[in-house]
Structures are given as structure tokens and as C-alpha cells.
Amino acid sequence: MKIATYNVNGVNGRLDLLLRWLHEAEPDAVILQELKAPDANFPAKAIAAAGYGAVWHGQKSWNGVAILARGQKPHLTRKGLPGEPEDEQSRYVEAIVDGVVIGGLYLPNGNPYPGPKFDYKLRWFQRLQAYAAELLELEVPVVLVGDYNVMPTELDVYKPERWTNDALFRVEVREAFRDLVGQGWTDALRELHPGERIYTFWDYFRNAYARDAGLRLDHFLLSPDLAARLRKAEVDKHVRGWEHTSDHAPVWIELSEKPSKKRKLK
DNA sequence: ATGACCTCCCGTGGAGGA
């Protein structure tokens, strides 16, 4: 099973590229972030014509997340994280695809630091931690995947010293990520590529992609049973080089099939 | 230290992004 995440930076403005990449990559499930479209404007028909069912949690202008599944409609289990009912930003959607609980998320950016946006980011992270702990207790296959807006370590930043006071790299945010992973999750890309420089985002500014001045912001956190099934974890870096592309590249993992449930006969 | 670039909005520049 191939699961991908892609911050499209505008699902309608980027629809042609999304369809091109879907056709090329053929993932079984996809989590999209930054739809930048209200529910009514989600391009469900074009995505269905490409062979994908979808559930989505949109919002006018900003944010917005969706889950796509090839040849089926994802079974929606949640929109929004618990813990702050007055939070109206569309940043979490959850669905089951082929027996895997997929929590698709778009963590707040948090800039500028310090300030209310940074505080909101930390609160959102705390809510994610609390909910993630509940998911782990269920002991079912879960992946928490999306744009975390965090570079977890210095290896994940082209020039770490430039980012120390940025909300994406502040020590509080890195600690929050580390604490989350410490619950028992596996960072899929790091698990298979320890010590390797891997980026998933390149700024539009300053020719960042050509200089490979990137950040690793998009992460897959796997529950223990999914971690045991992890086979590949890669970035479709070339997509960032396409014309009119998003500033993020698609990232994907490949899981082996479920272990068979054969039992020994007594 | 700043702004570079890109998206969306009912806009004709501003806000948000990272």
C-alpha cells in the first residue's frame, strides 16, 4: 500500500499538476494540505475522473485538508482535532482506507515568533499529542501524516543557524515533535534514511530549489504495527521542479500487505 | 535586517505562507 502526502498550495490553482502527479505516482491514498478552497469548491469531479474517491475539510482562502483513495471513497471518521471547539481552522481530517486509520493534518505555521500565532501552534500541537495518545491506545494501524511545519532536527534544515527563532524551528516546537514521536510513533523517512539530508519543501524565494536550500516539513508518523510494515519512504522531488508547482514536493511511503491471519490448526 | 515569490480574495493591494 502506497500512501502519499502533498501540500498543494491551492487545490484548484494546482489541479492540473495534482492530476499529472496522481497519474504518474498512482498512490493508493493521498493526504492533501492547503486546499485554499471552501468545501463547495473542492474539485471532487476531476479527482473522481482520475479514479480517486475523496473526503475533505475545506475553508475559504486558507488551510483545508483532504484524503483521497484510489478506486474507493475513504471512510470519514473525523473532521477537526478535539480540545478547542472554537477553533474554526480546517487542519485535520481522518479516514480509514484499506484498514489503515489515516490522520491527515496541516499544523499551524506559527510565525511570527513570539506572538498569538505561535501560541496557537503550540496549543494545536498539545491537542495533537493528546489525541495521538488516544489513537495509540486503540492498537490499530494508524498513520499521522501531513505538513507538520516543523523541522525536527538540524539535519532537516539547509542552514539551521538562520532558523533558530523561526516558528518552524523554535526549540519548543521541536520538543513538541520529539515528545509526540516519543509516545511510540515512528518517523518513517528518518527510520529508513538515518543521517541523510532529505527535504520536502523549497522556498519560492532566492532560487531555493535550484540551490537545494530546503526544509523537511512533511512527515509520516507510524503506529507500531505500521512501522513493522514499512518498506519504502521517498520524496518525489522532481515534482518541485515542474512549472507552476507547489513549494512542497509529494512525499510517500510503501507498506507491505497486512500479515496474514492464518492460525495454526490444533 | 529586509525582501525575494506565490496563493487567494471581489481584490485592483493585502494577508498569509515558511
Side-chain angles (χ1 to χ4, degrees), chain A residues 5-21 31-43 46 56-66 87-92 104-125 145-174 176-177 197-219 235 237 239-251:
Chain A
T5 180
Y6 189 13
N7 181 323
V8 288
N9 188 12
V11 72
N12 287 305
R14 216 74 74 185
L15 185 57
D16 288 347
L17 275 103
L18 172 62
L19 297 175
R20 176 179 168 191
W21 168 75
I31 297 78
L32 301 177
Q33 303 88 29
E34 288 208 76
L35 303 179
K36 295 187 172 180
D39 280 339
N41 290 1
F42 183 79
W56 59 93
H57 186 27
Q59 182 181 333
K60 188 179 174 184
S61 302
W62 320 119
N63 310 318
V65 284
D87 182 4
E88 296 192 341
Q89 299 190 25
S90 298
R91 297 182 174 277
Y92 187 84
L105 62 97
Y106 173 50
L107 223 128
N109 174 302
N111 276 309
Y113 166 84
K117 292 186 176 179
F118 187 74
D119 298 340
Y120 172 67
K121 180 176 196 168
L122 291 184
R123 287 203 311 279
W124 209 94
F125 230 133
V145 49
D147 179 357
Y148 280 74
N149 267 319
V150 183
M151 300 86 92
T153 71
E154 297 203 338
L155 186 59
D156 303 309
V157 195
Y158 66 98
K159 200 168 269 197
E161 66 276 15
R162 290 272 179 89
W163 290 83
T164 47
N165 273 331
D166 190 282
L168 279 68
F169 200 53
R170 276 292 306 178
V171 60
E172 300 92 327
V173 175
R174 278 187 272 166
F177 186 83
R197 277 204 176 272
I198 302 172
Y199 302 137
T200 67
F201 166 92
W202 295 262
D203 217 310
Y204 287 121
F205 307 159
R206 291 165 297 212
N207 207 21
Y209 181 65
R211 295 186 298 120
D212 198 28
L215 308 171
R216 190 171 75 99
L217 301 179
D218 302 273
H219 309 299
V235 181
K237 184 178 175 182
V239 174
R240 179 64 181 79
W242 288 354
E243 295 260 325
H244 197 56
T245 196
S246 168
D247 40 9
H248 292 251
V251 188

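Remember, it's a predicted structure, so these values are computed and weren't measured experimentally.
A:Tyr209 and A:Arg240 share no donor-acceptor pair across their side chains, judged by distance under 3.5 Å alone. Using modelled atom types and a 3.5 Å distance limit, the side chains of A:Asn9 and A:Lys36 yield a donor-acceptor pair.
Using a 4.0 Å heavy-atom distance criterion, A:Asn63 is classed as making no nucleic acid contact. Residue contacts for A:Asn149: at a heavy-atom cut-off of 4.0 Å it reaches the sugar-phosphate backbone alone, with no base atom in range. Contacts of A:Lys121 with the nucleic acid, taken as non-hydrogen atoms under 4.0 Å apart, are absent. At a threshold of 4.0 angstrom between heavy atoms, the contacts of A:Tyr209 with the nucleic acid are absent.
Straight-line distance from the NE2 atom of A:His248 to the C1' atom of B:dG16: 13 Å, rounded to whole Å. Taking atom CG of A:Leu217 as the reference point, atom P of B:dG17 lies 14 Å away to the nearest angstrom. The interatomic distance linking A:Lys117 (NZ) with B:dA18 (P) rounds to 11 Å, in whole Å. Atom C1' of nucleotide B:dA18 and atom OH of A:Tyr148 are separated by 18 Å, given to the nearest angstrom. Atom CD of A:Gln89 and atom P of B:dG16 are 10 Å apart (whole Å). The distance from atom CZ of A:Arg91 to atom C1' of B:dG16 is 10 Å, rounded to the nearest whole Å. Protein atom CG of A:Leu215 is 12 Å distant from nucleotide atom C1' of B:dG17, rounded to whole Å. Between the CG atom of A:Asp147 and the C1' atom of B:dG16 there is a distance of 14 Å, rounded to whole Å.
Nucleotides B:dC5 and B:dA1 have their P atoms positioned 22 Å apart, rounded to a whole Å. Of the C1' atoms belonging to B:dT12 and B:dT7, the separation is 16 Å, rounded to the nearest Å. For the C1' atoms, the distance from B:dT2 to B:dA18 is 16 Å, rounded to whole Å. Here the separation of B:dC10 from B:dG14, taken at their C1' atoms, is 13 Å to the nearest Å. Taking the P atom of each, B:dA15 and B:dA4 are spaced 15 Å apart, rounded to whole Å. Taking atom C1' in both B:dG11 and B:dG16, one finds a spacing of 15 Å when rounded to whole Å.
Taking the side chain as every heavy atom from C-beta outward, A:Leu18 and A:Leu32 approach each other to under 4.5 Å.
Remark: side-chain polar atoms of A:Arg91 are not paired, donor with acceptor, to backbone N or O of A:Val65 under 3.5 angstrom. Using modelled atom types, no side-chain atom of A:Arg216 and backbone atom of A:Val150 make a donor-acceptor pair closer than 3.5 Å. Of the possible donor and acceptor atoms, one in the side chain of A:Thr200 sits under 3.5 Å from a partner among the backbone N and O of A:Asp218.
For the ring pair (Phe, Tyr, Trp, His ring centres under 6.0 Å) test with A:Tyr113, the passing option among A:Trp163, A:Phe169, A:Phe118 is A:Phe118; the others fail.
Here the closest non-hydrogen pair linking A:Asn111 and A:Leu168 is ND2-CD1, 3.5 Å.
In summary, A:Arg211 and A:Asp203 do not engage in a salt bridge, as defined by a charged side-chain N under 4.0 Å from a carboxylate O.
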Between protein and nucleic acid, restricted to nucleotides 7-11 of chain B and to nitrogen or oxygen atoms under 3.5 Å apart, what atom pairs and distances do you find?
from: B:dT7; atom 1: OP1; to: A:Arg14; atom 2: NH1; distance (Å): 3.2
from: B:dT7; atom 1: OP1; to: A:His244; atom 2: ND1; distance (Å): 3.3
from: B:dT7; atom 1: OP1; to: A:His244; atom 2: NE2; distance (Å): 3.4
from: B:dC8; atom 1: OP1; to: A:Gly13; atom 2: N; distance (Å): 3.3
from: B:dC10; atom 1: OP1; to: A:Lys60; atom 2: NZ; distance (Å): 3.1

Distances under 3.5 Å between protein N/O atoms and the N/O atoms of nucleotides 1-4 of chain B, please, pair by pair.
from: B:dG3; atom 1: N1; to: A:Arg206; atom 2: NH1; distance (Å): 3.3

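In this model, the phosphate group of B:dG17 is not approached by any side-chain N or O of A:Asn7 to a distance below 4.0 Å at OP1 or OP2. A sub-4.0 Å separation between OP1 or OP2 of B:dG16 and a side-chain N or O of A:Tyr120 is absent.
Using bins of under 30°, 30° to 60° and over 60° for the plane-to-plane angle, the ring pair A:Trp124/A:Tyr92 lands in the tilted bin. Relative ring orientation between A:Trp56 and A:Phe42 is described as parallel, the plane-to-plane angle staying below 30° on a 0-90° scale split at 30° and 60°.
A donor-acceptor contact under 3.5 Å is formed by the side chain of A:Asn109 with the base of B:dA18.
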